[in-house]
Protein chains: 8
Amino acid sequence: MKKILVSVIAGSDSDLPVIEVVVDTLKKFGIGYDVKILSAHRTPEDVTKYVKSAPKKGIKVIIAMAGGAAHLAGVIASQTVLPVIGVPVETKTLKGLDSLLSTVQMPGGVPVATVAIGKGGAKNAAILAAQILGTANIKMSQKIASFKKGLAKSVRLKNIKLKI
Amino acid sequence: MKKILVSVIAGSDSDLPVIEVVVDTLKKFGIGYDVKILSAHRTPEDVTKYVKSAPKKGIKVIIAMAGGAAHLAGVIASQTVLPVIGVPVETKTLKGLDSLLSTVQMPGGVPVATVAIGKGGAKNAAILAAQILGTANIKMSQKIASFKKGLAKSVRLKNIKLKI
Amino acid sequence: MKKILVSVIAGSDSDLPVIEVVVDTLKKFGIGYDVKILSAHRTPEDVTKYVKSAPKKGIKVIIAMAGGAAHLAGVIASQTVLPVIGVPVETKTLKGLDSLLSTVQMPGGVPVATVAIGKGGAKNAAILAAQILGTANIKMSQKIASFKKGLAKSVRLKNIKLKI
Amino acid sequence: MKKILVSVIAGSDSDLPVIEVVVDTLKKFGIGYDVKILSAHRTPEDVTKYVKSAPKKGIKVIIAMAGGAAHLAGVIASQTVLPVIGVPVETKTLKGLDSLLSTVQMPGGVPVATVAIGKGGAKNAAILAAQILGTANIKMSQKIASFKKGLAKSVRLKNIKLKI
Amino acid sequence: MKKILVSVIAGSDSDLPVIEVVVDTLKKFGIGYDVKILSAHRTPEDVTKYVKSAPKKGIKVIIAMAGGAAHLAGVIASQTVLPVIGVPVETKTLKGLDSLLSTVQMPGGVPVATVAIGKGGAKNAAILAAQILGTANIKMSQKIASFKKGLAKSVRLKNIKLKI
Amino acid sequence: MKKILVSVIAGSDSDLPVIEVVVDTLKKFGIGYDVKILSAHRTPEDVTKYVKSAPKKGIKVIIAMAGGAAHLAGVIASQTVLPVIGVPVETKTLKGLDSLLSTVQMPGGVPVATVAIGKGGAKNAAILAAQILGTANIKMSQKIASFKKGLAKSVRLKNIKLKI
Amino acid sequence: MKKILVSVIAGSDSDLPVIEVVVDTLKKFGIGYDVKILSAHRTPEDVTKYVKSAPKKGIKVIIAMAGGAAHLAGVIASQTVLPVIGVPVETKTLKGLDSLLSTVQMPGGVPVATVAIGKGGAKNAAILAAQILGTANIKMSQKIASFKKGLAKSVRLKNIKLKI
Amino acid sequence: MKKILVSVIAGSDSDLPVIEVVVDTLKKFGIGYDVKILSAHRTPEDVTKYVKSAPKKGIKVIIAMAGGAAHLAGVIASQTVLPVIGVPVETKTLKGLDSLLSTVQMPGGVPVATVAIGKGGAKNAAILAAQILGTANIKMSQKIASFKKGLAKSVRLKNIKLKI
């Protein structure tokens with residue numbers, strides 16, 4: 001069994017499509033993960049309990065995703081020394097601008113590593129987690145290098161196929 | 001000694017000028033209050049402890065003020081059945097738009113009664129607290145009525161003095 | 001027959017889906033309510049008449065919902081000592097940002113307790129009304145506590161069912 | 001004595017600098033005016049009384065200026081058949097974006113003729129009033145034509161003086 | 001044949017649905033109108049020619065609608081002493097915020113009477129035109145009064161039909 | 001005497017500090033220029049006359065700067081086949097967001113080459129004019145190459161001086 | 001074979017519909033072009049290689065389109081003396097406001113000639129390229145003049161067909 | 001001599017006050033750092049050279065700060081497997097909203113870990129770097145824990161000193 005290194009926490013199961021993007025990308029890097037639905041507003045005590053126990057379980061990075069007045073990543077960051085990555089989820093009315101500002105504008109002392117709004121951000125959260133793990137794991141770092149080469153290759157392929 | 005009914009919580013002592021507006025207005029209505037500096041991000045456990053103990057102390061309404069990724073009011077609201085009033089504090093860069101969205105855009109289930117950004121909002125937070133207490137206290141309700149008459153009178157006075 | 005404690009006022013019958021969310025939530029808390037279509041711009045006199053008579057009918061809290069240049073909640077708040085909760089309705093073009101700013105940015109002296117844009121906010125308006133009533137009604141306060149436990153339970157259930 | 005044709009209403013005497021711009025411009029066109037401090041939120045009844053009596057006094061156009069959740073122009077427009085011009089006053093935090101949206105985004109049925117935020121808008125409110133009066137008054141219409149020529153002349157003068 | 005008093009100008013025939021709202025509302029008030037597709041950017045000379053000739057045709061008010069960098073109303077206003085009403089048309093990407101700011105933020109000297117974004121604004125542009133004509137035409141002014149009574153009546157009817 | 005190739009047009013002499021940035025940068029590239037104060041709203045006929053005559057004078061590029069409902073660049077672009085560069089001038093209230101959207105969001109058919117808000121944009125407008133001239137003038141193109149080397153050199157110098 | 005004068009670069013093949021608008025418009029002006037998928041973020045080295053080689057191939061203008069944190073146009077502009085036109089591509093969440101600001105707000109020294117968000121902007125990018133080429137090519141300049149006449153003619157035709 | 005683990009890169013020496021905040025915070029954690037002025041737009045080749053050589057120097061995390069169309073962090077992220085932290089620098093006109101969106105809205109594949117706008121974000125960038133290093137360094141992780149205790153202690157002290 002793979003060692004669990006990254007914890008993926010979403011505020012609601014309506015975020016499942018976004019969670020899946022994170023999980024699929026973590027899998028590509030062969031990173032063990034743990035997914036939880038935990039709400040900063042509906043189950044604050046469960047959040048605390050889970051976050052406090054994370055380091056003992058070997059968790060190295062926490063990815064939190066939430067929308068609207070998106071407090072989840074900040075609430076987690078306030079209770080751990082682990083790096084916390086925040087994914088601002090798209091909202092129906094303000095399109096995730098509220099989620100973005102609620103996630104990124106943290107006060108001095110308690111950072112949240114914020115990525116783009118929505119699924120693009122979700123994918124990047126997983127890659128950023130890989131990059132963080134890669135700072136102390138040369139194999140992971142090589143996987144990212146090869147992933148990046150793949151990105152470049154796929155762009156080049158598109159160029160070759162391009163018919164305009 | 002006056003009974004403490006309203007709790008006034010700010011995320012930082014840089015919010016003192018805003019706190020003072022709240023407190024001055026509460027005093028006008030003769031409402032007992034308790035002021036605390038408690039940070040959702042720096043002292044999450046103290047927030048929990050304080051909020052959990054509030055009802056036993058006779059607190060009826062909590063006013064929370066914070067800026068930026070303003071999680072304080074939402075974090076408090078997630079841990080109490082008391083009505084929580086959120087004052088979005090003005091920020092240097094985004095002028096409090098971040099504070100407003102982080103305070104007001106709460107998910108279904110956990111409301112924060114949000115007022116205007118900055119000092120105008122701080123004054124209104126205290127008046128709203130008085131109005132909430134007034135729903136079960138006819139004297140308070142009369143005080144608000146007379147406060148409102150005072151507002152009207154002062155506008156009328158300005159009209160008389162107006163020289164244009 | 002249940003005592004009517006909360007008045008639910010919408011600016012237009014196009015807001016019916018949002019009204020229903022408020023009403024359904026009030027029912028869950030067993031709170032008696034009165035629904036009216038009253039427009040700050042089309043029937044200003046009816047608004048005044050209704051608001052002036054509200055306290056005599058035993059109304060304790062008014063929930064007002066409107067979109068665009070959303071003046072309804074502010075116009076009501078200017079004519080009553082009761083706490084007024086404003087729900088900014090989503091708009092087609094500016095997505096409710098106009099409704100939010102028109103509702104929340106009230107001048108010092110006349111607060112509107114503003115909740116989130118749209119249906120999430122509508123639900124929260126009803127819960128906030130319950131919390132306000134709960135400040136003087138221990139049974140209501142217990143209902144909210146149990147509602148909050150229900151929220152937590154449903155999040156926990158989702159965790160158990162989660163298959164990723 | 002000049003006949004009073006335009007009513008200039010501000011929500012607060014803090015708007016005096018903006019009122020003065022309106023008044024100075026009305027004077028240039030020789031238009032009689034009446035200035036009042038009337039607040040949609042603090043003296044709603046006075047607003048109603050004044051607006052209802054305006055047509056009998058010979059008022060043809062109403063200019064209303066307010067900031068934040070700027071309801072004044074809309075509240076006036078809801079109670080009169082006269083054209084209402086709204087000047088969104090600049091605000092400290094959101095710089096008048098709140099005032100603009102609260103003034104211009106009126107629902108179908110009750111228009112407010114909105115001009116630019118702040119002093120430029122205040123000047124234009126007076127000119128727009130002159131243009132409205134000019135639709136039935138050829139002398140006024142000629143004054144505007146000559147004012148416009150003056151604008152052009154002053155731009156041309158600046159060109160001649162330009163040293164770059 | 002009815003006398004033409006209002007000119008309705010749109011920047012593009014893609015604005016037809018919005019034009020129709022204006023025209024339908026003018027018809028309700030029995031106001032003669034003239035509709036033209038004229039573009040500030042594609043046919044600037046035609047705009048000039050038309051606007052210069054408008055007063056001679058008896059036109060009293062011009063309604064201009066455009067989207068994006070919406071210059072039409074401002075360009076017209078720069079060439080006439082008639083009051084110009086600007087309707088900001090909704091845009092695909094910025095939802096009409098660009099149209100609104102381009103229409104309303106006119107420099108001192110050249111006002112555009114701006115109404116709400118989209119169809120609600122289009123309806124209000126026609127009503128505002130009626131109100132402007134009503135300043136010198138008591139019958140028009142009475143029509144508006146009766147239109148406003150109709151608005152109130154329809155709101156009251158909705159209240160009676162309301163089943164919640 | 002240098003041949004005049006670039007025309008620099010501002011809507012108001014309050015834009016002088018921004019004009020000077022354009023002019024200083026054009027001088028660095030040895031480009032002849034012509035500065036005019038011409039207002040789309042106050043002197044529309046002068047704008048037309050000037051723009052129509054520009055090609056005959058040998059003008060190749062027009063730089064237009066304006067703020068608020070910034071129509072100048074678009075109005076010029078509608079009357080010429082020359083490339084028009086628009087500089088959105090910073091405004092007091094909306095900080096140039098209105099100027100930017102009014103300048104850049106031009107309809108299909110009539111482009112304005114828009115640069116950044118304010119003085120940075122003014123400098124870039126002149127450089128862009130040089131780049132446009134450089135497409136047919138190898139000496140100009142070499143001057144830009146050497147200007148770019150200068151930029152790089154100055155950054156490198158800062159690195160050497162850096163003491164942290 | 002036509003000489004290639006304009007290079008059209010997109011960050012992703014999901015931008016194909018926007019690329020086609022550019023290409024179709026370039027064809028109308030008979031301008032030779034070269035289309036490439038090159039990503040500032042996925043193939044930075046390919047961007048550099050391509051941009052460095054562009055002048056030797058006779059390229060005179062580069063059109064770059066990208067969305068979100070749209071760095072492509074800026075990254076290209078930093079490596080060439082050719083004029084670079086940036087098309088901000090519409091994004092799902094922020095509707096291209098992010099793309100616009102990332103493209104247009106370039107620092108002093110490195111301009112990007114920015115056009116409108118989305119397809120309207122794409123069309124205008126091609127026309128702007130034609131205008132730039134037209135500064136040294138009288139035939140191209142005549143084509144633009146005749147294109148502009150076509151625009152005017154089509155607006156006039158719409159007027160004739162208009163049935164309201 | 002301390003091992004250099006974090007690279008701090010700013011786009012301009014006008015960012016020095018922000019750089020100092022990063023550096024001061026890194027010092028508190030005893031982290032070796034390297035400061036460079038490197039511009040994505042003025043010295044793209046120097047950026048590439050530096051970034052490519054970073055891993056060999058032992059650099060584990062790169063902090064990049066830039067304002068406006070802030071491409072620096074993204075351009076760096078496109079050329080390295082190291083985690084890149086982006087600090088959006090406050091701008092004069094749009095207050096850093098442009099910097100924030102240009103930094104955070106990165107496309108899928110190339111994340112930038114974005115923190116808050118301005119000095120608060122700069123401080124948090126350094127703390128986030130410490131947290132990333134702490135994932136593989138228990139001493140660093142303990143330092144962060146003790147830093148967090150210090151934050152809490154200072155909030156508690158403020159509470160004790162509070163005189164209201």
Side-chain angles (χ1 to χ4, degrees), chain A residues 5 21 25 55 59-61 77-86 88 97 100-101 103-137 140-148 150-152 154-155, chain H residues 5 21 25 55 59-61 77-86 88 97 100-101 103-137 140-148 150-152 154-155:
Chain A
L5 294 172
V21 175
T25 313
I59 303 280
K60 297 293 185 199
V61 181
S78 75
Q79 306 183 63
T80 184
V81 300
L82 299 179
V84 176
I85 301 171
L97 183 67
L100 172 58
L101 297 180
T103 302
V104 79
Q105 287 292 77
M106 292 292 290
V110 189
V112 166
T114 306
V115 291
I117 301 167
K119 290 192 178 177
K123 187 178 177 182
N124 279 349
I127 299 172
L128 182 56
Q131 288 178 311
I132 291 172
L133 297 173
T135 58
N137 177 336
M140 183 59 67
S141 161
Q142 285 164 346
K143 275 184 197 172
I144 302 163
S146 109
F147 168 81
K148 293 210 146 202
L151 284 180
S154 88
V155 171
Chain H
L5 295 173
V21 175
T25 314
I59 303 280
K60 297 291 184 199
V61 181
S78 75
Q79 306 183 62
T80 185
V81 301
L82 298 179
V84 176
I85 300 171
L97 184 67
L100 172 58
L101 297 180
T103 303
V104 79
Q105 286 293 78
M106 293 291 290
V110 189
V112 166
T114 307
V115 291
I117 301 166
K119 291 192 176 175
K123 188 179 175 182
N124 278 349
I127 298 172
L128 182 56
Q131 289 178 311
I132 291 172
L133 297 174
T135 60
N137 178 335
M140 185 57 69
S141 161
Q142 285 164 348
K143 273 184 197 173
I144 302 162
S146 107
F147 168 81
K148 293 212 148 200
L151 284 181
S154 88
V155 172

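Quick note on labels: first sequence line is chain A, next is B, and so on, each numbered from 1.
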Query - Portion of H:T103 that has a non-hydrogen atom of chain A nearer than 4.5 angstrom - result: neither
Requested in this report: Just jot down the side chain to side chain contact (heavy atoms under 4.5 Å, CB included) partners of H:P107, sequence neighbours excluded, or say none.
Outcome: G:H41, G:R42
Report task. With a 4.5 angstrom heavy-atom cut-off, could you sort out which part of H:L5 is near chain A: side chain, backbone, both or neither? Result -> neither
Report task. Select one option (side chain, backbone, both, neither) describing which atoms of A:A152 are under 4.5 Å from chain H's heavy atoms. Result -> neither
Query raised in the report: Can you say whether H:A126 sits under 4.5 Å from chain A via the side chain, the backbone, both, or neither, judging by heavy atoms?
Result: neither
Query raised in the report: So what's closer than 4.5 Å to chain A heavy atoms on H:K60: side chain, backbone, both or neither?
Result: both
Query raised in the report: side chain to side chain contact (heavy atoms under 4.5 Å, CB included) with A:A130: which residues, sequence neighbours excluded?
Result: A:F29, A:I31, A:M140, A:I144
Query - Best-contacting candidate, A:L82, A:I59, A:V104, against chain H by heavy atom pairs under 4.5 angstrom - result: A:V104
**Report entry** Gap between atom CE of H:M106 and atom NZ of A:K123 - 0.5 Å precision
**Finding:** 12.5 Å
Query raised in the report: So what's closer than 4.5 Å to chain A heavy atoms on H:T25: side chain, backbone, both or neither?
Result: neither
Report task. Over all heavy atoms of both residues, which pair between A:I127 and H:G109 is shortest? Give the atoms and the distance, please. Result -> CD1-CA, 3.5 Å
Query raised in the report: Side chain, backbone, both or neither: which part of A:I85 has an atom under 4.5 Å from a heavy atom of chain H?
Result: neither
Query raised in the report: Using a cut-off of under 4.5 Å for heavy-atom pairs, which of H:V81, H:I117, H:L101, H:L100 has the most such pairs with chain A?
Result: H:V81
**Report entry** Greatest number of heavy atom pairs closer than 4.5 Å to chain H - which of A:V84, A:V115, A:N137
**Finding:** A:V115
**Report entry** Region of H:V112 in contact with chain A, defined by heavy-atom distances below 4.5 Å
**Finding:** backbone
Report summary line: Closest heavy-atom pair, H:L128 versus A:A113, reported as atoms and distance to 0.1 Å, is CD2-CB, 3.6 Å
Query raised in the report: Out of A:L133, A:T135, A:V61, which residue meets the side chain to side chain contact (heavy atoms under 4.5 Å, CB included) rule with H:I132?
Result: A:T135
Report summary line: Ranked by heavy-atom pairs below 4.5 Å to chain H, first place among A:A116, A:P111, A:A145 goes to A:P111
Report task. Could you pull out the closest heavy-atom pair between A:K148 and H:Q79, with the gap in Å? Result -> NZ-N, 4.5 Å
